[in-house]
Amino acid sequence: MLGWAVTFLVIAIIAGVLGFGGIAGTSAGIAQILFFIFLVLFVISLFRGALRR
């Protein structure tokens, strides 16, 4: 999931440089949402791993 967030971030940067503001904004928003989902799932997995031990 983190890979997808980085991919959308790169798309947003390239689109922003080329002047496609709408695509850049949408891609940046998707990348941000995916990154926060990744963080939540990462924290949940850390807690689950700590509880198993």
Among residues at least two apart in sequence or on other chains, which ones pass side chain to side chain contact (heavy atoms under 4.5 Å, CB included) with [X]?
X	answer
Leu51	none
Ile33	Ile37
Arg48	Ile44, Arg52
Leu9	Ile13, Ala31

Run through the side-chain heavy atoms of Ile, Leu, Val, Met, Phe, Trp and Tyr, join any pair under 4.5 Å, and report what else lands in Phe47's cluster.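 ILVMFWY cluster around Phe47 also holds Val43.
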
Taking distance alone, no hydrogens or angles, what donor-acceptor pairs closer than 3.5 Å link side-chain atoms of residues 17-27 to residues at least two apart or in another chain?
unit_1	atom_1	unit_2	atom_2	d
Thr26	OG1	Gly22	O	2.9
Ser27	OG	Ile23	O	3.0

Following the transitive rule for hydrophobic clusters with a side-chain heavy-atom cut-off under 4.5 Å over Ile, Leu, Val, Met, Phe, Trp and Tyr, establish whether [X] and [Y] coincide in one cluster.
X	Y	value
Phe8	Phe36	yes
Leu39	Trp4	yes
Leu34	Leu41	yes

